[in-house]
Protein chains: 2
Amino acid sequence: MKKSIKKKMTDKFIETCKAFGLKITPQRITIYREVLNSFDHPSAEAIYRKIKEAHPNISFDTVNRTLLTFAEMGFLQIVEGSGDVRRFDPNAEPHHHLRCKQCGAIIDFYYKKYNQLDIPEEIKEKFSVNRIRVVLEGICHRCQDHTNRREAPFVSARVPLRGR
Amino acid sequence: MKKSIKKKMTDKFIETCKAFGLKITPQRITIYREVLNSFDHPSAEAIYRKIKEAHPNISFDTVNRTLLTFAEMGFLQIVEGSGDVRRFDPNAEPHHHLRCKQCGAIIDFYYKKYNQLDIPEEIKEKFSVNRIRVVLEGICHRCQDHTNRREAPFVSARVPLRGR
DNA sequence: TTACTAATTAGTTGTTATTCCTATTTAATA
DNA sequence: TATTAAATAGGAATAACAACTAATTAGTAA
């Protein structure tokens with residue numbers, strides 16, 4: 001008998017949680033299912049509201065904390081830059097950004113090739129583009145030196161992900 | 001006698017303010033100078049702290065409001081995504097984002113070319129990249145329909161930029 | 001210059017997003 | 001089944017911003 005896709009995904013989720021040393025709680029499974037069915041880049045608040053309908057006892061903190069944990073595990077990503085304080089960029093030259101996930105540094109870089117990227121026709125028709133930017137996310141030199149902590153999904157198992 | 005670069009920039013600033021129908025206040029000139037000298041994508045708070053040393057009476061609200069006005073005028077930009085609530089992205093496929101500056105919508109799109117961008121050698125040496133993403137900022141179809149408001153720097157002069 | 005007027009400001013108060021704290025509960029293991 | 005460390009709910013604290021209002025000031029036109 002074949003497993004449903006849903007079942008398979010949940011199995012993989014459970015397996016990965018175990019590899020990270022995380023307990024399988026009903027809350028985590030619920031949040032996992034809800035977020036995987038989202039196609040609109042929801043906020044923690046939005047996910048919390050949806051889940052609350054079926055599970056009125058769940059707390060916002062649990063939803064938010066769990067989502068951050070999932071991001072560290074690599075189950076989902078955080079939309080580039082969102083959640084940061086607003087930052088201003090006085091650089092008028094066409095340029096692109098390096099973002100360090102660890103320390104939050106944003107570093108300008110220049111690369112002509114990136115300034116000349118073509119935009120797909122379907123997008124031109126439906127969206128008026130007035131800025132095109134390439135964002136490279138990773139770990140900056142300084143942070144690489146300071147710690148050897150690897151990023152998900154290469155984090156070694158059994159290291160607490162988000163200690164308080 | 002040649003004008004200094006600083007003077008020239010301030011002249012251009014004053015000229016542009018006038019074109020937008022904005023008054024030239026000492027606060028605006030101070031904030032303009034401070035932000036133009038920043039190379040680290042400062043937050044409003046950071047700029048406020050720096051300015052406060054020399055102008056202890058300035059208020060945070062003025063700094064923040066002025067920076068937003070400058071962004072609308074096109075004197076500076078807001079770093080992609082910063083200032084938004086944190087948003088999660090469960091899409092594991094390599095993909096890119098369209099961001100509507102007006103309504104805040106984030107729309108996924110797929111374009112193979114963008115997945116194969118090469119990374120400059122200098123960056124590879126100093127930064128470990130684990131995500132590359134292209135962000136197209138502009139105005140989505142829906143918002144184009146709703147209003148004809150043009151974006152800076154094409155805003156017509158004498159239209160209040162950030163009315164209360 | 002001086003007087004006028006609307007824009008701008010400082011200071012304060014709200015609001016919202018997010019994190020922190022702690023007592024209680026629960027999943028995993030023996 | 002008992003143990004224990006992790007996870008949770010709920011509330012409090014914090015931080016980033018935005019909104020409000022009375023007082024001040026820049027721009028202008030006499």
Side-chain angles (χ1 to χ4, degrees), chain A residues 13-32 41-49 51-52 54-73 78-79 81-88 104 157-164, chain B residues 13-32 41-49 51-52 54-73 78-79 81-88 104 157-164:
Chain A
F13 170 72
I14 289 173
E15 188 188 308
T16 312
C17 279
K18 282 183 180 165
F20 277 98
L22 298 177
K23 292 184 177 174
I24 319 296
T25 66
Q27 290 91 337
R28 280 189 176 142
I29 291 178
T30 304
I31 295 165
Y32 171 80
H41 313 88
S43 63
E45 180 67 28
I47 293 168
Y48 170 66
R49 278 199 307 268
I51 290 176
K52 199 156 172 91
H55 304 80
N57 271 343
I58 203 165
S59 75
F60 173 80
D61 187 52
T62 297
V63 173
N64 190 49
R65 199 172 8 83
T66 302
L67 289 168
L68 291 173
T69 303
F70 287 174
E72 287 190 62
M73 291 167 73
I78 293 169
V79 172
S82 67
D84 289 359
V85 301
R86 181 161 40 224
R87 296 171 72 165
F88 297 92
R158 299 237 137 237
V159 173
L161 289 185
R162 317 195 55 255
R164 282 243 170 111
Chain B
F13 170 71
I14 289 173
E15 189 188 307
T16 312
C17 279
K18 282 185 181 165
F20 277 98
L22 299 177
K23 293 185 176 172
I24 319 296
T25 66
Q27 291 89 339
R28 280 190 176 141
I29 290 178
T30 304
I31 295 165
Y32 171 80
H41 313 88
S43 64
E45 178 68 28
I47 294 169
Y48 170 65
R49 278 201 306 269
I51 291 177
K52 200 154 170 94
H55 304 79
N57 272 344
I58 204 165
S59 75
F60 173 80
D61 187 52
T62 297
V63 173
N64 192 48
R65 198 172 8 82
T66 302
L67 288 167
L68 292 172
T69 303
F70 287 173
E72 289 189 61
M73 292 167 72
I78 293 169
V79 172
S82 68
D84 289 0
V85 301
R86 182 163 38 226
R87 296 171 71 165
F88 297 93
R158 300 237 137 237
V159 173
L161 289 186
R162 319 195 55 254
R164 283 246 170 109

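Scope of the values below: all heavy atoms of this structure, side chains included, with no hydrogens, waters or symmetry mates. Each chain gets a letter, A, B and so on, in the order its sequence line appears, and its residues count up from 1.
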Taking for B:F60 and for B:T25 the nucleotide of DNA chain D with the nearest heavy atom, the one nearer the 5' end belongs to B:F60

Nearest-nucleotide check on DNA chain C, B:R28 vs B:R87; residue mapping nearer the 5' end is B:R28

Side-chain donor/acceptor of A:D61 to base of C:dC20, under 3.5 Å
yes

Where the side chain of B:L68 is concerned, which of D:dA18, D:dG27, D:dA9 is the nearest nucleotide?
D:dA18

Counting side-chain heavy atoms from CB outward, which of D:dA16, D:dA26, C:dT9 is closest to B:R65?
C:dT9

What is the distance, to the nearest angstrom, from the CD1 atom on B:I24 to the C1' atom on C:dT9?
16 Å

Please determine whether a side-chain nitrogen or oxygen atom of A:R86 lies at a distance below 4.0 Å from atom OP1 or OP2 of D:dA18.
yes

How close do B:L67 and B:I31 get, counting heavy atoms only, and between which atoms?
CD2-CG2, 3.9 Å

Would you say A:N64 reaches C:dA17's phosphate, i.e. side-chain N/O to OP1/OP2 under 4.0 Å?
no

Which of these nucleotides, D:dG27, C:dT9, D:dC17, is closest to any side-chain atom of A:V85?
D:dC17

Residue pair A:D84/A:S59 against DNA chain D: nearer the 5' end by closest nucleotide is A:S59

Spacing between A:K23 atom NZ and D:dA6 atom C1', to the nearest angstrom:
4 Å

Can you list the steps and then say if B:I78 with A:F88 is a side-chain contact (heavy atoms from CB on, under 4.5 Å)?
CA-CA 5 Å; B:I78 293 169; A:F88 297 92; 4.0 Å; yes

Within this structure, what is the CZ-NZ distance for the pair A:F13 and A:K18, rounded to the nearest 0.5 Å?
11.5 Å

Between the opening five pairs and the closing five pairs of the helix from C:dT1-D:dA30 to C:dA30-D:dT1, how far apart are the helix axes, to 10°?
30°

In whole angstrom, give the distance that lies between atom CG of A:L67 and atom P of D:dA7.
15 Å

Is a side-chain N or O of A:R87 found less than 3.5 angstrom from the main chain of B:H41, in a donor-acceptor match?
yes

Criterion side-chain contact (heavy atoms from CB on, under 4.5 Å) on A:Q27 and A:I51, from CA distance to verdict:
CA-CA 9 Å; A:Q27 290 91 337; A:I51 290 176; over 6 Å; no

Can you tell me how far P of D:dA6 sits from NZ of A:K18, to the nearest Å?
17 Å

Quickly work out the B:I14 CD1 to D:dG27 P distance and round it to whole Å.
9 Å

d(CG, A:L22; C1', D:dT8) in whole Å:
14 Å

Taking the nucleotide of DNA chain C with the closest heavy atom to each, which residue, B:N57 or A:S43, is nearer the 5' end?
B:N57

Applying a 4.0 Å non-hydrogen cut-off, can you work out what B:Q27 is touching in the nucleic acid: base, sugar-phosphate, or nothing?
sugar-phosphate

From D:dA7, C:dT9, C:dA10, nucleotide with atom closest to B:I58 side chain:
C:dA10

Of all the nucleotides listed (C:dT18, D:dT8, D:dA16), which has the minimum atom distance to the side chain of A:T62?
D:dT8

Compare every heavy atom of A:S43 with every heavy atom of B:V85, then report the nearest pair and how far apart it is.
CG2-CB, 3.9 Å

Heavy-atom pair of closest approach, residues A:F20 and A:M73
CD1-CE, 3.8 Å

Rounded to the nearest Å, what distance is computed from the NE2 atom of residue A:H55 to the C1' atom of nucleotide D:dT8?
14 Å

Please classify the nucleic acid contact of A:P26 as base, sugar-phosphate, or nothing, using heavy-atom distances under 4.0 Å.
sugar-phosphate

Worked verdict on B:N64 versus B:Y48 for side-chain contact (heavy atoms from CB on, under 4.5 Å)
CA-CA 8 Å; B:N64 192 48; B:Y48 170 65; over 6 Å; no

Rounded to the nearest Å, what distance is computed from the CZ atom of residue A:F20 to the C1' atom of nucleotide C:dA27?
19 Å

